[in-house]
Amino acid sequence: MNNEGIQGVFPTMATALQPLSQPAKGKARSEKDTAYSPLASVWFGDDAELIDRLLDFYPRKRPRKILDATVNGGRFWRGSKRHVIGMDVDGRHRPSVVADNTAMPLRDGSLDVIVYDPPHIPNQGRDNKKDFGARFGLVLRSPKENQYTFTHTFPPFVREAYRVLKEEGLLLCKITDYVHHHRYQWAHIELISAAREVGFMPCDCIVKIRKGPIIDPKWKTAHHSRRQHCYWIVFRKSKKCE
Ligand SMILES: C[S@@+](CC[C@H](N)C(=O)[O-])C[C@H]1O[C@@H](n2cnc3c(N)ncnc32)[C@H](O)[C@@H]1O
């Protein structure tokens with residue numbers, strides 16, 4: 001087991017943790033031998049390919065300590081050679097560390113990148129064909145006092161993310177707006193507001209096109225457009241983006 005990416009991150013449990021993937025073999029990338037290649041603001045491929053591009057594009061130097069703070073089954077890292085620590089509050093997904101991302105057992109300023117893909121679409125009906133609950137952790141319940149949304153989880157998460165990231169570190173968030181109880185839920189706006197509040201600089205936004213919309217099977221007719229995209233928002237723990 002190679003714990004290279006874990007050392008210095010966890011105060012007490014470094015040796016007990018398994019990385020999700022092994023570090024890339026061979027020479028580390030340096031800024032000098034990387035040619036600039038522009039990145040389009042609309043992405044039609046899958047998340048894993050996009051994350052790989054983001055991790056080449058935005059960091060000022062090759063990121064070594066990467067945390068997926070909502071790792072679930074680790075779909076973002078399939079086929080990846082990057083060394084990633086996977087965190088999830090639900091131990092059934094067998095993450096590297098079982099923890100709540102609003103109270104992470106990590107040192108201040110210990111990470112280069114955090115990836116975040118929070119649950120969305122609270123309290124939805126079951127779509128047996130797609131089984132979103134089991135695959136994506138989408139069926140956590142949200143109480144009425146939180147307007148049935150998960151946006152109340154953003155402020156404690158971004159505060160923690162800010163604490164554990166190094167200066168200039170990146171927070172990459174996949175966020176989906178959705179319609180719930182016949183109301184548009186502006187999740188990406190809520191996230192940006194919460195992140196700004198704790199000091200993050202929102203630096204970029206990529207629209208990722210989904211193959212098909214997520215449709216609550218209970219509602220055949222809804223006078224809102226079907227969500228067929230989500231956003232990847234790029235934040236930097238910095239006063240500037242470039
Ligand atoms: C949408 S899924 C992530 C899917 C993952 N990106 C993938 O592609 O496999 C959200 C995950 O966040 C986890 N989660 C929810 N609240 C959390 C918290 N407070 N701390 C850590 N993980 C949490 C859920 O257990 C679920 O596995």
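All ligand and atom numbering here is 1-based and tracks the order in the structure.
Here the two rings, on F76 and W232, have centers that are under 6.0 Å apart.
Atom numbering of ligand 1 starts at 1 in the shown order; those under 4.0 Å from a heavy atom of A69 are 21 (C), 22 (N). Heavy-atom contacts of G73 reach the following atoms of ligand 1: 9 (O) (cutoff under 4.0 Å). Atoms of ligand 1 found under 4.0 Å from any heavy atom of D100 (numbered from 1 in listed order, with element): 18 (C), 19 (N), 20 (N). Below 4.0 Å from some heavy atom of A99 lie the following atoms of ligand 1, by number and element: 20 (N), 21 (C). Ligand-side atoms of ligand 1 in range of F76: 6 (N), 8 (O), range being under 4.0 angstrom from any heavy atom. Below 4.0 Å from some heavy atom of G74 lie the following atoms of ligand 1, by number and element: 9 (O).
S225 and R227 share a donor-acceptor pair across their side chains, judged by distance under 3.5 Å alone.
Polar contact with ligand 1: absent for M87 (N/O pair, distance under 3.5 Å). Residue-to-ligand polar distances keep D90 apart from ligand 1: every N/O pair is separated by 3.5 Å or more. Inclusion of T102 in the set of residues having an N or O under 3.5 Å from an N or O of ligand 1 is not warranted.
Pairing each heavy atom of T70 with each of D68, the nearest pair is N-OD1, 3.1 Å.
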- request: Go through the steps for I85 and V97 under the test side-chain contact (heavy atoms from CB on, under 4.5 Å), then give the verdict.
  value: CA-CA 8 Å; I85 302 162; V97 58; 4.3 Å; yes
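Remark: the backbone N or O of A69 is paired with a side-chain donor or acceptor of N101 at under 3.5 angstrom.
For atom 7 (C) of ligand 1, the candidate residues are R78, R75, H93, E160; the nearest heavy-atom contact is made by R75.
Shown here is E197, whose CD atom has no more than 12 heavy atoms of other residues, nucleotides or ligands within 6.0 Å.
Note on R64 versus D112: no salt bridge recorded, every NZ/NE/NH1/NH2 to OD/OE distance being 4.0 Å or above.
The backbone of V71, and not its side chain, has at least one atom closer than 4.0 Å to an atom of ligand 1 (non-hydrogen atoms only; backbone = N, CA, C, O).
Within the cation-pi definition used here (under 6.0 Å to the ring centroid, within 45° of the axis), K237 qualifies as a partner of Y162.
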